[in-house]
Amino acid sequence: MKASQIHQDLAKVLYTEEQIRRRVRELGEMISRDFEDEEVVLVGILKGAVVFFADLMREIKLPVAIDFMAISSYGSATKTSGVVRILKDLDKDITDKNVIIVEDIVDSGMSLSFLKENLRSRGAKTLKICVLLDKPERRRCPIEVDYCGFQIPDEFVVGYGLDYAEHYREIPLIGVLKPEIYGG
Ligand code: IMP
Ligand code: MG
C-alpha cells in the first residue's frame, strides 16, 4: 500500500515510533529484571505480534529462545468470531521452561485465555503474558496480563504489526483506523 494512502486511512496517530521504542525498552528491562539470569522462551503469536516480538527480544538481556503459535479468532473482520483454533503449534516442548506469551493486543481476552490454559497444561515452569496493547473496556474473558505496553480506548488500531484485513502491518507507528474504512 502507498504511504499516502496509509495516512489518509488513519484518523489519528496513537503512538509514534519513538514512543513505542521507549516503552518496548522498558518492557524488556522489566522482564530482564524479573527473570535474572534464567532463560526465557518467548512465544510469539502470529502474525500481529511479529514486529513487537522482534523489537522486544532485542531488549531482553537474558538468554532467549523463541517459538511461535498461530491461532484464528478473527478472520478478516474487526469483531471476534468467538471460536479459537490452533493453526500452528509450538515446535518445541516447554516443560519446565520460563514461558512468556508475546501478543499484539488483548481485546475480548478470548485468545489469551485460550492460549494461557493451553500452555499451562504443558507443564511450563512459569507462564507470563506480555502484550503491547490492552483495550480493557472490551474484556469479556478476565485475563491477567503481566507486562503491558499501553492501555488504549475502544478504537480499532493498526500498524506496528497490527492489521485490518492484512493491510497496514508495515506502518512503523500505531494509529486509529478511520471507522469508514471498516464500516464501523
Ligand atoms: P481477543 O481474543 O478478542 O482478545 O482478540 C485479540 C486479537 O484480536 C488480537 O491478537 C488481534 O489480532 C485482534 N485485534 C483486536 N483488536 C484489534 C485492533 O484494534 N486492531 C487490530 N487487531 C485487533
Ligand atoms: Mg493477533
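Every number for a ligand or one of its atoms is a count from 1 in the order of the listing. Both backbone and side-chain heavy atoms feed into the values below; hydrogens, waters and symmetry mates do not.
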Any atoms of ligand 1 less than 4.0 Å from a non-hydrogen atom of Glu103? List them with their elements.
-> 10 (O)
Which ligand 1 atoms are under 4.0 Å away from a heavy-atom of Asp163?
-> 21 (C)
Short side-chain to backbone donor-acceptor contact, Gln19 and Thr16, under 3.5 Å = yes
Say whether Asp104 and ligand 1 are in contact under the criterion: heavy-atom distance to a ligand atom below 4.0 Å.
-> yes
Per-atom contacts of ligand 1 with Ser111, taking only distances under 4.0 Å to non-hydrogen atoms | 1 (P), 2 (O), 5 (O), 6 (C)
Any idea which part of Val84 is under 4.0 Å from ligand 1, heavy-atom wise: side chain, backbone, both or neither?
-> neither
If you compare Ser108, Gly48, Gly159 by their heavy atoms, the one closest to atom 3 (O) of ligand 1 turns out to be Ser108
Looking at Tyr15 versus Tyr160, is the centre-to-centre ring distance below 6.0 Å?
-> no
What atoms in ligand 1 come closer than 4.0 Å to a heavy atom of Leu162?
-> 20 (N), 21 (C), 22 (N)
With a cut-off of 4.0 Å, which atoms of ligand 1 are near a heavy atom of Lys135?
-> 16 (N), 17 (C), 18 (C), 19 (O)
Is the side chain of Lys135 donor-acceptor paired with the backbone N or O of Glu155 at a distance under 3.5 Å, no angle test?
-> yes
Below 4.0 angstrom from a heavy atom of Glu155, which ligand 1 atoms are there? Numbered from 1 as shown, please.
-> 19 (O)
Report yes or no: does a heavy atom of Val157 sit under 4.0 Å from some atom of ligand 1?
-> yes
N/O donor-acceptor pair under 3.5 Å between Arg139 side chain and Asp107 backbone | yes
Can Tyr164 and Asp9 be counted as having a side-chain donor-acceptor contact under 3.5 angstrom?
-> no
Asp146: side chain to side chain donor-acceptor pair (under 3.5 Å) partners, not counting sequence neighbours | none
Do any nitrogen or oxygen atoms of Gly109 lie less than 3.5 angstrom from nitrogen or oxygen atoms of ligand 1?
-> yes
Side chain to side chain donor-acceptor pair (under 3.5 Å) filter on Glu39, not counting sequence neighbours, yields none
Does Ser108 use its side chain to pair, donor to acceptor, with the backbone of Arg140 at less than 3.5 Å?
-> no
